[in-house]
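Reading through the structure tokens given below for one structure.
None of these values were measured; they are calculated from a predicted model. Throughout, protein chains are lettered first and strands after them, A, B, ... in sequence-line order, and every chain is numbered starting at 1.
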There are 2 protein chains.
Amino acid sequence: MLDLAILGLLEERDLHGYEIRRQLRDGLGLLANVSFGSLYPALARLERAGAVMATEPVDRGAPTRSPVPPTGSLSGERAVLRARRLAGNRGRRSKKVYRITDAGRRMFADLLAGTGSADDARSFGLKLAFARHLAPSARLALLERRRVQLRQSLDDVRAAAHDDALDVYARSVVEHTAEGVEQDIRWLDRLIEGERANGAGPEDRPREGAGTR
Amino acid sequence: MLDLAILGLLEERDLHGYEIRRQLRDGLGLLANVSFGSLYPALARLERAGAVMATEPVDRGAPTRSPVPPTGSLSGERAVLRARRLAGNRGRRSKKVYRITDAGRRMFADLLAGTGSADDARSFGLKLAFARHLAPSARLALLERRRVQLRQSLDDVRAAAHDDALDVYARSVVEHTAEGVEQDIRWLDRLIEGERANGAGPEDRPREGAGTR
DNA sequence: CTTCGTTATATCGATTCGATATACTAGGGA
DNA sequence: TCCCTAGTATATCGAATCGATATAACGAAG
């Protein structure tokens with residue numbers, strides 16, 4: 001899930017972890033508010049899998065220092081770092097800038113088109129946010145798969161609403177959930193209609209429509 | 001999160017794990033469909049914490065058998081079980097029926113009233129579903145806390161929508177998210193109004209003011 | 001000069017999920 | 001009779017994610 005988001009951003013340009021988080025939060029809002037506790041392990045995972053590679057930023061004067069070895073005393077470690085700083089190491093904290101690889105691009109395409117684990121609202125929202133990378137037919141398929149899932153969800157939640165053992169509060173929760181699903185379905189229907197209108201053209205032309213930024 | 005749901009159901013009556021899952025799924029729908037991979041660890045956790053206790057169901061003819069020891073051969077283990085069955089052990093698979101303790105009831109009250117980790121939609125929905133166990137003032141406080149959070153979310157997601165680097169698909173996702181939050185707020189407003197109308201009655205006098213002081 | 005806010009990477013424990021294994025019963029055909 | 005499936009029931013495993021926390025550097029404010 002996170003992998004998709006990371007690779008999607010790296011398709012555009014090279015980024016470091018902090019920047020990835022910011023773009024996800026500022027760009028997609030709540031939907032993609034990801035914590036560092038999942039982001040950094042995810043980046044390490046993707047690097048291990050060969051989907052991304054870490055590149056040293058060029059603006060460093062000195063090569064990356066090895067981590068400070070534990071001395072058993074906090075002040076000891078601080079002393080080491082202070083010595084380094086005073087010794088003329090004026091470089092910034094090393095940023096690890098990540099670049100997507102060919103394998104990563106393949107992985108992104110698979111994640112985006114694949115039917116696996118697209119069943120929660122967040123995964124779907126993320127996929128749709130990157131839907132410009134899909135061929136029109138695959139985009140339509142994504143929307144229709146999601147619609148089928150939501151129809152099923154609506155049936156389930158309506159069945160739950162018929163349970164007469166619910167008190168006012170539980171019932172309100174269930175009914176509000178149903179309304180949310182209905183709104184989702186109407187949204188999907190508008191998107192599907194739009195896709196069909198657009199896709200009426202002759203061929204799949206992946207003409208890019210995103211801003212350059 | 002799961003702890004709250006489990007304790008809430010056990011407040012009503014004793015239940016075993018499978019039944020807890022069914023009631024959560026059938027009663028609250030999507031909001032509370034929980035997997036066994038979280039349910040059973042949660043029950044073990046609560047038992048360790050002394051919040052619930054496992055009681056043997058009375059309808060067993062024989063005491064619970066110890067687990068079949070590994071013989072190194074599958075057919076060997078099957079043979080043991082077959083022998084048991086043929087020997088007259090007609091009992092069902094042992095169900096572990098859980099009962100809430102006094103400590104569990106206290107824990108439930110704390111989880112329900114506590115402001116901690118109430119920030120996601122699922123936790124809030126769950127709390128509201130059990131809101132009949134709250135004093136009217138605490139119920140109102142829960143709703144108003146949630147409303148503040150949603151207002152903040154709405155600001156965030158609207159800020160995201162102003163990002164002009166978004167293509168049509170990403171923008172649609174963000175706008176739909178905003179609509180969902182708006183709908184949530186309207187729902188909350190209806191609930192809050194209902195609470196105020198109800199709470200005007202002489203019923204519940206909470207003594208210590210849950211609001212302004 | 002010290003404190004504060006921001007940028008930046010990283011790890012930890014806890015929770016949750018999905019998949020899987022095991023055990024038992026009941027019913028429906030072949 | 002014998003097997004196959006479906007339902008009930010408990011349990012564990014690995015992986016993903018979160019929230020909290022630690023560490024580090026730096027510029028601006030005071």
Check your understanding: Which of parallel (below 30°), tilted (30 to 60°) and perpendicular (above 60°) describes B/Trp187 and B/Phe124?
Key -> perpendicular
Practice item. Can you establish whether the number of heavy atoms outside B/Arg99 located under 6.0 Å from its atom CZ is more than 12? Key: no
Practice item. Figure out the CZ/P separation between B/Arg45 and D/dT12, and round it to whole Å. Key: 14 Å
Study note, to complete from the structure: Comparing nearest nucleotides in DNA chain C, the 5'-proximal residue of the pair A/Tyr98, B/Ser38 is A/Tyr98
Exercise for review: Find the distance A/Tyr40:OH to D/dA22:P and express it as a whole number of Å.
Suggested key: 18 Å
Exercise for review: Check every strand shown and say whether B/Gly17 touches a base, only sugar-phosphate, or nothing at a heavy-atom separation below 4.0 Å.
Suggested key: sugar-phosphate
Point to revise | Spacing of B/Met1 atom CE relative to D/dC18 atom C1', expressed in whole Å | key: 14 Å
Exercise for review: For B/Arg21, report the nucleic acid contact type (base, sugar-phosphate, nothing); a contact means any heavy atom under 4.0 Å.
Suggested key: nothing
**Study point:** Pairing of B/Arg147 and B/Glu144 as salt bridge, 4.0 angstrom limit
**Key:** no
Review point. Can you check the A/Lys95 NZ to C/dT6 P distance for me, whole Å?
Key: 17 Å
Check your understanding: A/Leu2 has an atom CG; how far is it from atom C1' of D/dT17, in whole Å?
Key -> 8 Å
Point to revise | Phosphate OP1/OP2 of D/dT10: any B/Lys96 side-chain N/O under 4.0 Å | key: no
Exercise for review: Enter the distance from A/Arg186:CZ to B/His176:NE2 here, rounded to the nearest 0.5 Å.
Suggested key: 9.5 Å
Exercise for review: Quickly work out the A/His16 NE2 to D/dA25 P distance and round it to whole Å.
Suggested key: 17 Å
Check your understanding: For A/Asn33, which contact category applies under a 4.0 Å heavy-atom criterion: base, sugar-phosphate, or nothing?
Key -> sugar-phosphate
Study note, to complete from the structure: From CG of A/Leu43 across to P of D/dA16 the rounded distance in Å is 13 Å
Exercise for review: Remember a base hit wins even if backbone is also touched, and classify B/Arg22 as base, sugar-phosphate or nothing at under 4.0 Å, heavy atoms.
Suggested key: sugar-phosphate
**Study point:** Output field: ring centroids B/Phe108/B/His133 closer than 6.0 Å
**Key:** yes
**Study point:** d(CZ, B/Phe36; P, D/dA11) in whole Å
**Key:** 11 Å
